[in-house]
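Worksheet: one structure, shown below.
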Protein chains: 2
Amino acid sequence: MSRRSGVLEFAVLGLLRESPMHGYELRKRLNTSLGVFRAFSYGSLYPCLKELVRQGWLAEETGSGAEDSRAPLAGRRARIVYRLTAEGKERFEELLDQTGPDAWEDEHFGVRFAFFGQTSRDVRMRVLEGRRSRLEERLAKMRASLARTREKLDTYTLELQRHGMESVEREVRWLNELIESEREGRDRNDQRGRGATPERDERSPSDENDN
Amino acid sequence: MSRRSGVLEFAVLGLLRESPMHGYELRKRLNTSLGVFRAFSYGSLYPCLKELVRQGWLAEETGSGAEDSRAPLAGRRARIVYRLTAEGKERFEELLDQTGPDAWEDEHFGVRFAFFGQTSRDVRMRVLEGRRSRLEERLAKMRASLARTREKLDTYTLELQRHGMESVEREVRWLNELIESEREGRDRNDQRGRGATPERDERSPSDENDN
DNA sequence: GTTAGCATGTAAGGAGTTACATGATTTT
DNA sequence: AAAATCATGTAACTCCTTACATGCTAAC
């Protein structure tokens with residue numbers, strides 16, 4: 001048991017590090033800010049939150065505290081605001097520093113990149129370069145397989161492969177640009193290993209429709 | 001129970017329609033020909049094959065028959081060659097004709113496209129156009145969400161969103177080209193609703209390394 | 001007055017992976 | 001003689017979704 005998905009855990013800790021939130025809002029942020037790459041349903045989010053509380057990384061705050069003058073919190077089913085504990089912060093920073101091969105696989109890379117603002121520069125570099133070499137490996141295999149089977153494939157299969165390869169090549173070019181601009185950044189201003197979070201204030205009561 | 005995944009079932013039926021194969025070879029074809037989009041392990045393939053046999057769509061042929069002069073089939077753990085039955089063919093064609101919204105979702109579109117060679121032109125059109133409008137919906141949402149939150153996001157999150165949107169836009173352009181060339185094809189030669197399979201012969205004993 | 005949004009949750013299930021078990025054959 | 005590849009399979013597990021249950025408020 002129970003609901004410690006890696007990606008979801010990471011994203012929840014990361015979002016709550018920026019500011020406390022309740023589940024419903026959290027899910028929307030998950031599916032927009034980070035959401036082109038992964039969408040989560042309540043069925044995975046709520047149990048995950050429970051588990052993170054159990055681990056001591058999150059603390060629940062039932063709607064008693066003041067916190068927000070807007071949102072009268074009368075009526076409206078009492079919402080549970082989750083806040084990152086000190087242990088939770090440690091846990092998240094631990095996860096941020098991990099550069100195992102997992103970090104640049106498809107399922108993880110997007111969410112890792114989304115929190116690059118909180119990530120140290122050398123870890124950013126390792127993740128970007130790891131991702132790039134993963135993709136280049138993949139390209140090599142695709143090219144080899146194409147060379148072997150080209151004449152046997154029909155038009156559509158071929159077109160699918162071609163488009164797939166171009167997508168990967170495009171991501172490699174993107175990574176190249178990112179890596180270069182990280183290097184330039186290092187050469188110019190050399191302070192700041194851990195970026196200060198831009199500190200989002202003016203937390204609007206949210207407005208999003210999911211489908 | 002038990003292993004009727006949709007995608008995997010479809011791909012297996014489709015590949016076996018072209019020619020009988022045993023599981024091991026099937027898996028390699030799955031992970032190269034159709035493989036940029038999805039990879040399968042034996043742990044899902046073999047149970048799926050069993051299930052398809054149970055349904056009467058595949059027939060097992062243990063290595064008794066002649067079939068292949070190469071591959072002496074001495075030694076080498078007896079391999080089970082799977083062949084599509086008449087019911088299996090019907091089933092596959094049934095699946096080919098389906099144009100429910102599933103057909104253009106991320107998980108299905110790739111594999112549907114891979115078998116466009118066997119698909120009738122009007123179904124091809126519906127799938128391509130369905131995919132396109134699905135992506136345009138997604139773009140609209142992304143643009144809306146970006147407009148709302150742009151100034152609140154840090155550089156990396158913004159860059160991630162931008163890159164994500166460009167990827168989707170690029171796929172839309174690709175679909176536009178495909179749709180247009182389908183239309184041109186229709187205007188010129190108007191025969192051929194169901195394409196003849198290019199009939200792969202010279203089945204090489206396969207050579208692939210997966211990682 | 002009904003649809004849409006807000007808000008939290010649970011149970012069951014789907015789709016797949018990993019790790020293991022087994023064993024022969026070819027290549028290094 | 002070790003490593004890779006061929007070949008088939010199972011059990012346990014992971015991660016996530018769907019569908020349901022509940023109930024309130026705002027807008028159309």
Side-chain angles (χ1 to χ4, degrees), chain A residues 1-12 21-28 30-31 37-51 53 60-63 68 70-82 102 105-108 111 204-211, chain B residues 1-12 21-28 30-31 37-51 53 60-63 68 70-82 102 105-108 111 204-211:
Chain A
M1 63 210 63
S2 60
R3 279 349 107 168
R4 301 213 295 109
S5 105
V7 175
L8 185 50
E9 175 190 328
F10 185 82
V12 166
M21 263 180 282
H22 57 275
Y24 192 85
E25 198 186 346
L26 204 44
R27 192 233 175 189
K28 283 183 310 184
L30 238 33
N31 292 217
F37 306 91
R38 246 176 193 289
F40 294 99
S41 61
Y42 298 120
S44 32
L45 177 57
Y46 285 117
C48 171
L49 286 169
K50 285 283 156 85
E51 173 64 18
V53 168
E60 290 180 336
E61 270 154 36
T62 326
D68 203 341
R70 283 172 306 225
L73 72 86
R76 286 219 119 77
R77 183 172 185 168
R79 47 201 209 181
I80 300 171
V81 175
Y82 292 92
D102 272 10
E105 289 304 315
D106 293 333
E107 330 83 78
H108 295 82
V111 103
S204 66
S206 92
D207 46 338
E208 191 64 76
N209 61 336
D210 39 4
N211 67 343
Chain B
M1 66 214 62
S2 76
R3 285 342 111 168
R4 300 211 295 108
S5 105
V7 175
L8 185 49
E9 175 190 327
F10 185 81
V12 165
M21 263 180 280
H22 56 274
Y24 192 86
E25 198 187 346
L26 203 44
R27 192 232 174 190
K28 283 182 311 185
L30 238 33
N31 293 220
F37 306 91
R38 246 177 192 291
F40 293 99
S41 61
Y42 298 119
S44 33
L45 177 57
Y46 284 117
C48 171
L49 286 169
K50 285 283 157 84
E51 173 63 18
V53 169
E60 291 180 335
E61 269 154 36
T62 324
D68 202 342
R70 285 172 305 226
L73 71 87
R76 282 223 121 76
R77 182 171 186 168
R79 47 199 210 180
I80 301 170
V81 175
Y82 292 93
D102 272 10
E105 288 305 315
D106 293 333
E107 329 85 78
H108 295 83
V111 102
S204 66
S206 91
D207 46 340
E208 191 65 74
N209 62 337
D210 39 5
N211 67 341

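Keep in mind that what you see is a predicted model, and the values were worked out from it rather than measured. A, B, ... follow the sequence lines: proteins, then strands. Residue 1 opens every chain.
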By nearest atom, which of the nucleotides [options] is closest to the [X] side chain?
X	options	value
A/P47	D/dT8, C/dG16, C/dT10	C/dT10
A/Y46	C/dT8, D/dT8, C/dC6	C/dT8
A/I80	D/dT8, C/dT8, D/dC16	C/dT8
A/R79	C/dG16, C/dT8, D/dA7	C/dT8
B/L8	C/dG16, C/dG9, C/dA7	C/dG16

To the nearest 0.5 Å, tell me how far [X] [atom1] sits from [Y] [atom2].
X	Y	atom1	atom2	value
A/L30	A/R38	CG	CZ	10.0 Å
A/R27	A/M21	CZ	CE	14.0 Å
B/Y46	B/F40	OH	CZ	15.0 Å

Find the distance [X]:[atom1] to [N]:[atom2] and express it as a whole number of Å.
X	N	atom1	atom2	result
A/N31	D/dC16	CG	C1'	13 Å
B/L45	C/dT18	CG	P	15 Å
A/K28	C/dA4	NZ	C1'	13 Å
A/E107	C/dT17	CD	C1'	11 Å

Closer than 4.0 Å, any side-chain N/O of [X] to the OP1 or OP2 of [N]?
X	N	answer
A/R38	D/dC16	yes
B/S41	C/dG16	no
A/S44	D/dC15	no
A/Y42	C/dG9	no

_Residues in ring pair (Phe, Tyr, Trp, His ring centres under 6.0 Å) contact with A/F10, at least two apart in sequence or another chain_ = A/F92, A/F115
_Angle between the end axes of the helix from C/dG1-D/dC28 to C/dT28-D/dA1, five pairs per end, to the nearest 10 degrees?_
40°
